[in-house]
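Report on one structure; see the data block that follows.
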Amino acid sequence: MIKRLAALAGAAALALVGTVTVTAPAAHAANAPNGYPYCANGSASDPDGDGWGWENNQSCVVRGGKADTGGSGGSGGSSSGGSGGSTLTCPSGMSCGSYTVSGLGSRKQQVRNAGGNVLDLAVAMLETDTMTSNYAYGDNKSGDAANFGIFKQNWMMLRAACSRFQGQSASQWNNGAALNSDLSSDVSCLHQSQNHYGTNTWFAGHRNGSSGLNNPNTTDINNYRNAVYWIRDQLNSNSANLSNDTRYWVNVPAI
């Protein structure tokens, strides 16, 4: 889950080629333009490099990072990304863009070879810069809230919907770590979970666990769903995007 933008201690990222142009706010400002506080520890709170950190049990923005947009695209407008300088129309009320990640094209192909579709690519792309499981173990969570694999699937849904884990208890959550190194199983569990819950409800549980399953149409869940669909649409807009090193991003706050 997202999970996606929480700071992930010890995450290893591939080298980035190209950057997203951002405007740094005044040094005295307590909050970023999107309303979230700036991280007191800066990039040290954001080991996966997505611009979002986690301090004092809440999301924070790394000053000058990718999430510090200076207001660009924050009202559903356009945000220039790092892919040829093109201008993108963001999902309503959200900021977005693109940039190049060295080796990401090969990773996209690996996911597709493992049975992943374009929606799967979009989920993984929203979750981490490199579409890998190189983030803090369990996404710094435990029990049913622990996340595994490149999609950051939570243990609650894995043990309910994936045949590999069905019937296991919340206390056996460490078994989910097998997905961190088994891409084919990761993709298979994702598809089983989506089929089990239905795609719309799956998004809700993926984003917000049992609370999401019980209340699947909150603004926050809809924003997450729209972000994934927007990334999917960018990938589908040009077949080259399925194999090049371009990463599309949408700022979705951590929960």
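Because only heavy atoms are used, hydrogens play no part in the values below, and waters and symmetry mates are left out as well, while side chains stay in. Everything numeric here is computed off the predicted structure, so don't read it as measured data.
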Query raised in the report: Could you walk me through whether Asn200 and Arg225 pass the side-chain hydrogen bond (donor to acceptor under 3.5 Å, both in side chains) check?
Result: CA-CA 8 Å; Asn200 192 66; Arg225 186 185 296 114; 3.1 Å; yes
Straight-line distance of [X] [atom1] to [Y] [atom2], nearest 0.5 Å:
X	Y	atom1	atom2	value
Asn180	Phe148	CG	CZ	6.5 Å
Gln109	Asn113	CD	CG	4.5 Å
Glu127	Ser133	CD	OG	12.5 Å
His196	Cys162	NE2	SG	11.5 Å
Thr199	Leu119	OG1	CG	7.0 Å
Ser98	Arg247	OG	CZ	10.5 Å

Taking a hydrophobic cluster as the set of Ile, Leu, Val, Met, Phe, Trp and Tyr residues connected by side-chain heavy atoms closer than 4.5 Å, whether directly or through intermediates, do [X] and [Y] fall within one such cluster?
X	Y	result
Trp202	Met125	yes
Val101	Val228	yes
Ile221	Met157	no
Val187	Tyr197	yes
Leu235	Tyr224	yes

Do [X] and [Y] have side-chain heavy atoms sitting under 4.5 Å apart?
X	Y	answer
Ser211	Asn214	no
Lys141	Asn147	yes
Cys39	Arg63	no
Val118	Arg112	no
Asp233	Trp230	no
Leu179	Phe151	no
Asn117	His191	yes
Asn154	Asp144	no

Could you verify whether a donor N or O on one side chain and an acceptor N or O on the other, from [X] and [Y], lie under 3.5 Å apart?
X	Y	result
Asp186	Gln153	yes
Gln110	Ser106	no
Tyr137	Asn174	yes

Requested in this report: Please test Leu158 against Trp173 for side-chain contact (heavy atoms from CB on, under 4.5 Å), starting from the C-alpha separation and ending with a verdict.
Outcome: CA-CA 9 Å; Leu158 284 171; Trp173 62 276; over 6 Å; no
For [Y], does its backbone N or O pair with a side-chain atom of [X] as donor and acceptor, under 3.5 Å?
X	Y	value
Trp249	Thr128	no
Gln234	Ile231	no
Asn222	Thr218	yes
Arg107	Met131	yes
Asn140	Ala136	no

Query raised in the report: Any ion pair linking Arg164 and Asp182 (charged N to carboxylate O, less than 4.0 Å)?
Result: yes
Requested in this report: State plainly whether the residues Lys108 and Asp245 are in salt-bridge range, i.e. N to O under 4.0 Å.
Outcome: no
Requested in this report: Just say parallel, tilted or perpendicular for the rings of Tyr229 and Phe203, cut-offs at 30° and 60°.
Outcome: perpendicular
Restricting to non-hydrogen atoms, name the atom on [X] and the atom on [Y] that form the minimum distance, rounded to 0.1 Å.
X	Y	answer
Met94	Ala227	CE-CB, 4.2 Å
Phe165	Cys189	CE1-SG, 4.0 Å
Cys96	Thr89	SG-C, 4.3 Å
Ser95	Cys90	C-SG, 3.9 Å
Gly149	Tyr135	O-OH, 2.7 Å
Trp155	Ser169	NE1-O, 2.9 Å

Report task. Check step by step if side-chain hydrogen bond (donor to acceptor under 3.5 Å, both in side chains) holds for Asn244 and Asn241. Result -> CA-CA 5 Å; Asn244 61 23; Asn241 290 333; 3.0 Å; yes
